[in-house]
Every structure is written in C-alpha cells, then in structure tokens.
2 protein chains.
Amino acid sequence: MKQSIHLYKASLFKSLAHPLRLAILDALRDGEKTVTQLQELTSGEQATISQHLTILRNHHFITFRKEGNLAYYRNEDPEVYIFLDLGRQLYERQLNRYREEIDAQVVRR
Amino acid sequence: MKQSIHLYKASLFKSLAHPLRLAILDALRDGEKTVTQLQELTSGEQATISQHLTILRNHHFITFRKEGNLAYYRNEDPEVYIFLDLGRQLYERQLNRYREEIDAQVVRR
DNA sequence: TTATAATATACGAATGATCTAATATTTGAG
DNA sequence: CTCAAATATTAGATCATTCGTATATTATAA
C-alpha cells in the first residue's frame, strides 16, 4: 500500500514547512554557522532555534560539529536545496497566475 | 528581508504536508475524478476529503468542474508532480527506513 | 412536491506544533 | 573550584490543524 509513502512524504514536507527552518537552511547555503550566528541571521530566540535545529537534524537535512563550546551547523544533504528551489518555481508560477487574474479583472472594467 | 518568502514557502509546503492530500494528488495523476471516487481511492471520510480538496483548491494545485450533482476534480498545476517526484527520488533511502518503522508500528496494533 | 444522492460548510473536540521561560549541560577562563 | 558563554532540554501554555458530527446546498428523480 502507498499509505506509508504518503505518511513519509507528509512528514518530509512538514519538516520543511516552517519559515524559521527555511531561513536556517538558507543561512547554511554558504557554509557552516554557529547557533549564535544563526540566531542573528534569522532573528529567532535561542531555545526556538535550537529546537528547530533538532528537527532539521532528525530529518538529516543538517548536521554539526562541536568545537569548544560552539556548535557549527552545516547542511548534510545538498539536494534539499534543489528541492527548495523547485518550490520557489512553484511559488513564482502561482504568483504569475495570480497577477494575470488581477490584470484580467482590471482590463474587463 | 526574505521573511515573507519563507512564510509563503512554508505555507506551500504545509499545504502538501498531509498524507490524505498527497493521496488525492496521486489519485488525480491519471485524470479527473469525482469526490466519491476519491473517497473510495483514498478511504477518507466524505467531509474530510471535501475539506482537504478545499485546501488544495485554495493553493491552486487542483480545480474542478460541476456536472449535475457530481464534482469532477483535476490537477491544475502539473509542476506539483515534478516537485512530489523529486521528493520521492531524493529521499528514497530515508523513505525505506521510515516505512519499515511505520509498518512495524502498524503490525504491532 | 418530496425524496435522495453528491458535495460543501460550520463548529466544537481532539490532536499536534510551536513558543516561552526556566533549568541543565558542557567548555574554557580565571 | 567558580563563573560565564554557548547550546540543549524540559514542561507548560498557546496556537494551528485535523477530525467527526451535524447541517446546508444543489441537482435530479419519482
């Protein structure tokens, strides 16, 4: 049955379906960052960031190394960016469609 | 900054992050289906299906036509399938691991 | 007109996700 | 050892999503 596939895929999408987690992944596009740096880049609370990092780690999108008392996080699966970028295309197509609708309405008057 | 993009993308992912909605989209791969057919294919409750159809409609992934008292739903944005398939391909290894976990849980009940 | 089938909607209950605040852990400095 | 900085974890409160049940709507048939 395909139900387990749908469950898995749903959990995959869910893990990406949060603005802060997307911001974190974007911030890690150009190499590793400490938690503090991620806090500054995304303007999220310390505990909140840490929790979202855990979620992304659990899904193997990111990993980290410890150096002293700093944790350097980095992307673990570059293909997630292909995925995110394709999501961007979807977004843009829908935006264009929406614009066309608006334009059509304006013309009709 | 990019916060609104992240918000939008998150809502996009969220709209796909449900097993039943994924099942519906899959069922519509080979052409239009009535709500009753979708109910049978996905074994979801009538009201539940209808609610999920509304969510997918709001995101312009699907649309429908009315014929008599039947509603024929169909895909509105083929690119969503490229997106769904990419997710599948890229994470198949993880999927297998996860599927084993789920199946093990199902068997246990 | 009444009845029935197909679908949609409304709304509260249940469930799940996220945030906040407090506390714990680890490391290095002094 | 004690302290401070960085990060993680926990518990409860809050918020969002989903589901179940009931009701509404619409089209058709009788």
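All figures in this text were calculated on a predicted structure; none of them were measured in a lab. Just so we're on the same page: letters track the sequence lines, and every chain starts at 1.
Atom-to-atom, CG of A:Leu38 to C1' of D:dA6 comes out at 13 Å; the value is rounded to the nearest Å. To the nearest angstrom, C1' of D:dA8 lies 13 Å from CG of A:Asn58. Whole-Å rounding puts the A:Ile49 CD1 to C:dC19 C1' distance at 12 Å. The distance from atom CG of B:Leu16 to atom P of D:dT17 is 14 Å, rounded to the nearest whole Å. C:dT26 atom C1' lies 12 Å from atom CZ of A:Phe64, rounded to whole Å. One can place CD1 of A:Ile62 at 13 Å from C1' of D:dT7, the figure rounded to the nearest angstrom. B:Arg57 places its CZ atom 8 Å from the C1' atom of C:dA8, with the value rounded to the nearest Å. The distance between atom CG of A:Asn69 and atom C1' of C:dA24, rounded to the nearest whole Å, is 15 Å.
Side-chain N/O atoms of A:His52 include one lying less than 4.0 angstrom from OP1 or OP2 on C:dC19. Contact check, A:Tyr72 against D:dA6: no side-chain N or O comes under 4.0 Å of OP1 or OP2. For B:His18 and C:dG16, the shortest distance from a side-chain N or O to OP1 or OP2 is not below 4.0 Å.
Across the interface with DNA chain C, nearest-nucleotide mapping of B:Ala47 and A:Arg21 shows B:Ala47 to be the residue nearer the 5′ end. Sequence order on DNA chain C of the closest nucleotides to A:Glu67 and A:Gln46 puts A:Gln46 first from the 5' end.
A donor N or O paired with an acceptor N or O is found under 3.5 Å between the base of C:dA10 and the side-chain atoms of B:Gln51.
Counting only distance, with no hydrogens or angles, the side chain of B:Asn75 and the backbone of B:Phe61 share a donor-acceptor pair below 3.5 Å. With hydrogens and angles ignored, the 3.5 Å screen pairs no side-chain donor or acceptor of A:Lys9 with any backbone N or O of B:Gly87.
Looking at heavy-atom distances under 4.0 Å, B:Thr36 makes contact with sugar-phosphate atoms alone, never a base. Residue A:Glu45 is classed as a sugar-phosphate contact, given heavy-atom separations below 4.0 Å to backbone atoms only. B:Lys14 comes within contact range of the sugar-phosphate backbone alone, with a heavy-atom separation under 4.0 Å but no base atom that close.
In this structure, B:Phe13 and A:Phe83 have parallel ring planes: the angle between them is below the 30° cut-off, well short of the 60° mark. Aromatic ring orientation, B:Phe64 versus B:Tyr73: parallel (interplanar angle below 30°, classes split at 30° and 60°).
One finds a salt bridge joining B:Asp26 and B:Arg29 here, because a Lys/Arg side-chain nitrogen approaches an Asp/Glu carboxylate oxygen to under 4.0 Å.
Minimum atom distance to the side chain of A:Leu70 is reached by D:dT7, of the listed C:dT7, D:dT7, D:dA8.
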